[in-house]
Amino acid sequence: RVDKALMRNLKEIRRELQSSGLKIDIIHDLLLRSLFILYLEDRKATTTDFYAKYLKGAESYFDILENIEATYALFEKLEVSFNGNLCPVTPAERRHVKAKHLKLIKECFWSHERSSKGQVQLFNWKVFDFSVIRIELISEIDEEFLSTERGEDDTRKKGAYYTPHSLVDFILNEKLPWANESHTNYTLKILDPTCGSGSLILRIAKEVKDVSNFYGQESIRTTYNLARMNMILHGVRYDKFHIRQDDTLERPQHLEHKFEAVVANPPFSANWSANPLHLQDDRFAQYGVLAPKSKADYAFIQHMIYQLDDNGTMAVVMPHGVLFRGAAEGKIRQFLIKDKNYLDAVIGLPPNLFYGTSIPACILVFKKCRESPGNILFIDASRNFEKGKNQNRLRAVDIDKIIETFEQRNEIEKYSHVVSTEEIIENEYNLNIPRYVDTFEEEEPIDLAEVTAEIKKTDSNMVEIDKKIASYCKELGIEAPF
């Protein structure tokens, strides 16, 4: 399979480039920029393709790849052509990259896997069909083979985790505007304020025929560049997406817009400034309190709700702590339920779904105009999954069960429960799922008479065994141990 061949080559090339002295961020940009250019070359023969014109008349990337000046002239040309939506060349990269490094890149993408038995041709980019590239492939390259050695930019140290595609499938199959057959031509604006590589909004693009615009924000430079390339790689015109690099909570972008769809998998329990000046920010002011400095979870929720349109739906992945932690978080939770009545559903997820962490998570669904304003649906899907070697995954049957339960708001024993707002108020706005979905399995009753009889029988057998041991000890001429 071409995915596996590419992954093997990327790991080998990364090792060789690192051993030659290149830093991982430069390697990351070089490899992904090369993949992107190969995609454009694949499209340039198609006269109707929006991107084809940018490489028409240009020399083949493979032909110029070992020529430093020609290669970087092409990089700069594309950067200008795409309004900055390609990995920009940094001064550090320009200083350190040599012809020998570009030669390794060429070998990586030119259909060979190196081994002790020699080179074995596995795939050839000149005949590879780019239309079959999975949306998650670029994210997986970034997560599994590049991000692990970024040092201080390592996303896992920041509490951020690549969103597995089974979880993406679930979020995007929620009863959101694009999931309703009557809205297959629905035109909407989509926001992911912590977009990472863009997989969530790309999956929405796949589901909806006409999305007016895609919006996103990402704080890590390499991941931000990756997201922009990923959008173009999957056929989203650069003038239809607006992804910005900056801190979502401290320097938010796109605040002038409201969105019909807001989806996110923010970094869990991240640090943020919690600066008191934020209480004058329209995103946080009405709550009267700020999320704790060491746990920005509710700050992300507040930010997303602020940008959610009145007819919109929001789905956000969160750690379970947001369901029951008190103090400022408890006050924010109370405001969202009692004063605003925005929370529509709480879905508990299976453990170990994310790369690099076993942190249990849940999905919170918010709507400003709810169909069922007097209650909240709780689903405990934590026991329905396929166990994997490194990560667990939601199967299609698990996703379908969650979706059907969500859409019908079904009551299923030990799985789901529709809870009235009054009951939640009685529980002081604690949303811990076991409070509302009882998954306790009763043990079989114990027959004490049968247990007593078994003990007596065992005692009787022990007496006989002791007699035999004493007899053997007597024959051996040694003292019995009892």
Side-chain angles (χ1 to χ4, degrees), residues 5-7 9-46 49-114 119 121-128 130 133 137-138 141-142 145-146 149-150 221-233 238:
L6 174 59
M7 294 294 193
N9 278 14
L10 285 175
K11 287 199 292 185
E12 175 67 22
I13 295 303
R14 186 189 69 181
R15 279 194 294 268
E16 293 196 24
L17 288 173
Q18 281 187 286
S19 65
S20 71
L22 282 188
K23 292 187 177 180
I24 193 66
D25 280 355
I26 294 176
I27 298 171
H28 175 274
D29 289 353
L30 269 175
L31 291 175
L32 289 170
R33 193 188 294 118
S34 297
L35 178 61
F36 179 78
I37 293 173
L38 290 170
Y39 163 78
L40 292 182
E41 287 206 338
D42 180 70
R43 313 289 284 193
K44 75 176 181 179
T46 309
D49 191 272
F50 180 74
Y51 299 111
K53 61 182 179 181
Y54 294 111
L55 283 181
K56 284 208 169 179
E59 294 182 81
S60 165
Y61 184 51
F62 283 120
D63 292 339
I64 67 169
L65 192 51
E66 292 179 56
N67 183 322
I68 287 280
E69 297 305 322
T71 299
Y72 277 91
L74 176 61
F75 289 165
E76 290 166 7
K77 173 187 174 184
L78 289 172
E79 185 64 21
V80 172
S81 299
F82 284 94
N83 293 343
N85 287 315
L86 182 63
C87 277
V89 177
T90 63
E93 177 181 340
R94 196 65 184 87
R95 286 195 307 271
H96 292 102
V97 173
K98 308 298 181 187
K100 63 179 182 180
H101 301 131
L102 296 179
K103 182 179 179 181
L104 288 173
I105 296 288
K106 181 176 181 177
E107 292 175 1
C108 169
F109 286 105
W110 183 245
S111 73
H112 294 90
E113 176 187 35
R114 264 89 46 88
Q119 293 190 337
Q121 184 163 333
L122 290 176
F123 61 93
N124 186 324
W125 287 106
K126 287 191 174 181
V127 297
F128 178 60
F130 274 82
I133 291 182
L137 175 60
I138 304 301
I141 292 172
D142 184 61
F145 303 109
L146 298 169
E149 297 182 40
R150 284 187 193 156
R221 183 188 67 84
T222 49
T223 311
Y224 158 70
N225 289 326
L226 175 68
R228 296 184 298 167
M229 285 194 294
N230 211 7
M231 298 295 285
I232 295 174
L233 191 64
Y238 75 77

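Reckoned from all heavy atoms, side chains included, excluding hydrogens, waters and symmetry mates.
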A.B. asks: Rounded to the nearest 0.5 Å, what separates atom CD in Glu16 from atom CD1 in Ile27?
C.D. replies: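 Answer for the CD-CD1 pair, Glu16 versus Ile27, is 10.5 Å.
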A.B. asks: Hey, what do you get for CZ (Phe75) to CZ (Arg94), rounding to the nearest 0.5 Å?
C.D. replies: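 Reported to 0.5 Å precision, the distance equals 10.0 Å.
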A.B. asks: Taking side-chain contact (heavy atoms from CB on, under 4.5 Å) as the test, write out the residues that go with Lys98, two or more places apart.
C.D. replies: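 For Lys98 the side-chain contact (heavy atoms from CB on, under 4.5 Å) partners, ignoring immediate neighbours, are Lys100, His101.
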A.B. asks: Does the side chain of Asn67 come within less than 4.5 Å of Leu102's, by heavy atoms?
C.D. replies: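 Sidechains of Asn67 and Leu102: no contact.
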A.B. asks: Rounded to the nearest 0.5 Å, what separates atom CG in Leu17 from atom NE2 in His96?
C.D. replies: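 With rounding to 0.5 Å, CG (Leu17) is 14.0 Å from NE2 (His96).
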A.B. asks: Taking all heavy atoms of Ile26 and all of Val97, pick out the closest pair and write down the distance.
C.D. replies: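 Minimum heavy-atom contact is CG2-CG2, 3.8 Å.
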A.B. asks: Kindly write out the residues that satisfy side-chain hydrogen bond (donor to acceptor under 3.5 Å, both in side chains) with Thr90, not counting sequence neighbours, or none if the list is empty.
C.D. replies: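 Result, side-chain hydrogen bond (donor to acceptor under 3.5 Å, both in side chains) vs Thr90: none returned.
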